[in-house]
Number of protein chains: 2
Amino acid sequence: MAEKIVSSRDAILAAARREFAARGYAGARMEAIARRAGINKAMLFYYFSSKEKLYQTILHEVMGEFFTQISGLITPELTPALFMERFPELYIRLCADHPDFVRIVAFDLIHNPDNICAVMAGIISQMTSFQPHPLFELIRRWHGKGLISESDPLHFMMNIVSLSIFSFIGKPMVEAISGIRVASDEDFYRKRVMSVVNVLKRGMLK
Amino acid sequence: MAEKIVSSRDAILAAARREFAARGYAGARMEAIARRAGINKAMLFYYFSSKEKLYQTILHEVMGEFFTQISGLITPELTPALFMERFPELYIRLCADHPDFVRIVAFDLIHNPDNICAVMAGIISQMTSFQPHPLFELIRRWHGKGLISESDPLHFMMNIVSLSIFSFIGKPMVEAISGIRVASDEDFYRKRVMSVVNVLKRGMLK
DNA sequence: TGTTATATTAACCATATGGTTAAACCAATC
DNA sequence: GATTGGTTTAACCATATGGTTAATATAACA
C-alpha cells in the first residue's frame, strides 16, 4: 500500500477537513481529528499550534482550490453565454466532488462572514487572472453592449452563483418538501446543470 | 415598559434563537442564553429539559412560521407567473426580516439534513394547504398545459428557492468577490427581488 | 394564615475539551 | 557509537460546559 506514506501533516489536514465539514468549527473535536488521522492528539498542536490555526489553514486550502478552478474560466474572449454555461457546470461539479468544501465555506458564510470574506479577498488579490475588477468590468461591458438584460453586475453574478451553489445545499430540503427522491446523484447533478444553464441563458441573455 | 412582562419561557426562546443563530448548535452556550434572557441558567433546564430539546423547540417554531407564511401563497387559481413573483418576494422579505431563521435552518441543512428534513416533513403533513402533492401536482399541470419550460417540478422549485434564499446567504460573499458594497440593505433586497423575479419569469415562463 | 404548586436561584458536579510537557523514538550525520 | 534534530506519544492540566440539586421566593387559594 503505497498510500500509507502520506506525511502526518497531510493526514491531519485531510482528517481535519472532514471533521470540520461534518460538525462545524465549534462542533469539531481535536481528538476526533487525531483519531481520524490515526495519530496522537499532540501532533495536531505540533504541526498547527491551535485549533484556530488548523482551521484557517484548511480554509485557505479550500478557498484556494475553488478560486483557482474558477479563475480558469475567465478569459478576455469570454462571452456571457459561455460564462452561463461553464460556470454552473464547473461549480456544481466542484461542489458535488468536494462536499466538504461546500459545508465548510457555507458554514463560515453564515456564521462568520467577515473572516471568510477576508480570506476570499486575500486569495483574489493574489491571483492576477481573477481580480475583482476584470470579471465585474467584463460583466458591465456585456451589458453596455446590450448582450445581457441585468444591468447590475452584483445581481447578475448573484443569480449565477445562487443557482449553482444551492443545487447542493438545498437538495435535501426540496426533496423533503416535494416528497420526490432523486434516483442517482450523478443523474441529479447532470440534470441540475441543464436546468440552471437553461434558466440563466433564457433569463438573462438578450 | 410594558415589554418587561414577557414570561421567562418566552425570554428564553428569544434568547436561544439568537444564540443558536449566531453560533450554531455546538457553539451555542447555555449560560450565554441564560445571560441574554436575563435569568438563571437552571431555568433553561426547568422549562426545557436539555439543550437538544430547547433547540428542537426553536426549530419547530422557526419552520412553522416559515411554512405557514409560504402556504398562504398556494391557492388553486395560482398561475406560474404569480408564483414566480410572489414566492421570491415573500421569501426574500421573510429572510431579511428574520435573519436568525435563515441561519438556523441553513446550518442544519448543511450539517444535519436528516433531522431538519424530518421536521419539515412533519410540519407539512399537518398543513392541508401545503401538502407535498398539491404544489408539485400544480407545477406538473402547469407544464402539461405548456405554461412553463421546466418539465421536472423538483428542478423548477429548486430554481425558485435557490435564487430566493441565496440572496441572503451569499450577499457577503459576492460583495467580497466583487468589491462592490451595497448602500442600504433595504435597497439591496428590493433590487434583489426584481432581479430574481425577472430571471425566473424570462427563464421559465413559456 | 397556613398550604400548595410553581418559579427562581446559588452552589455544585462530572465530564469533555483545547492545550502542554517531558520523555522517548528514530533517522541521519559526524 | 555518540550527537543531533525532527517526530511521536502517554500522561497531565486548567477550564468550560451541560446538567443537577436543594433550598428559597412567590403567588394562589382554602
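For clarity, every value in this text was computed on a predicted model and none was experimentally measured. Per chain, numbering begins at 1; letters A, B, ... match sequence-line order.
Across all strands shown, A:M30 has heavy atoms under 4.0 Å from sugar-phosphate atoms exclusively, and none from any base. Within 4.0 Å (heavy atoms only), A:A28 reaches sugar-phosphate atoms of the nucleic acid but no base atom. No engagement by B:F48 is indicated, since no non-hydrogen atom pair under 4.0 Å with the nucleic acid exists.
Between the CD1 atom of A:I39 and the C1' atom of C:dA24 there is a distance of 17 Å, rounded to whole Å. For A:Y55 and C:dG19, the OH to C1' distance is 20 Å, given to the nearest whole Å. Protein atom CG of A:L44 is 12 Å distant from nucleotide atom P of D:dT8, rounded to whole Å. When the P atom of D:dT17 is taken as reference, atom CG of B:L54 falls 16 Å away, rounded to whole Å. Distance NZ (A:K53) to P (C:dG19): 11 Å, rounded to an integer number of Å. Here D:dT7 presents its P atom at 18 Å from CZ of A:F45, a figure rounded to the nearest Å. Taking atom NZ of residue A:K51 and atom P of nucleotide D:dA16, one finds them 15 Å apart after rounding to whole Å. With rounding to whole Å, A:E31 atom CD is found 10 Å from C:dA16 atom P.
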Given A:F156 and A:F136, is the ring-ring contact (aromatic ring centres under 6.0 Å, His included) satisfied, shown in steps? CA-CA 10 Å; A:F156 177 85; A:F136 286 79; 9.0 Å; no

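Side chain of A:R103 to backbone of A:R18: no donor-acceptor contact under 3.5 angstrom is found.
Nearest to the side chain of A:S50, among D:dT20, D:dG19, C:dG19, sits C:dG19. Taking the side chain of A:M43 as heavy atoms from C-beta on, and the options C:dT8, D:dT8, C:dG18, the nearest nucleotide is D:dT8. Of the candidates D:dT9, D:dT7, C:dA7, the closest approach to any side-chain atom of B:Y46 belongs to C:dA7.
Listed pair A:Y47 / D:dG6 fails the phosphate criterion, with no side-chain N or O lying under 4.0 Å from OP1 or OP2. Residue B:R29 places none of its side-chain N or O atoms closer than 4.0 Å to OP1 or OP2 of D:dA16. When the side-chain nitrogen and oxygen atoms of B:S49 are compared with OP1 and OP2 of D:dG19, none of them lie within a distance under 4.0 Å.
For B:Y55 and B:N115, the side-chain atoms include no donor-acceptor pair closer than 3.5 Å.
Map B:R9 and A:K41 each onto its nearest nucleotide of DNA chain C; the residue landing nearer the 5' end is B:R9. Taking the nucleotide of DNA chain D with the nearest heavy atom to each of A:N40 and B:A26, the more 5' of the two is matched to A:N40.
The CG atom of A:N159 sits 7.5 Å away from atom OG of B:S167, with the distance rounded to the nearest 0.5 Å.
Ion pairing of B:E19 with B:R23 is present here, as a side-chain N (NZ or NE/NH1/NH2) and a carboxylate O approach within less than 4.0 Å.
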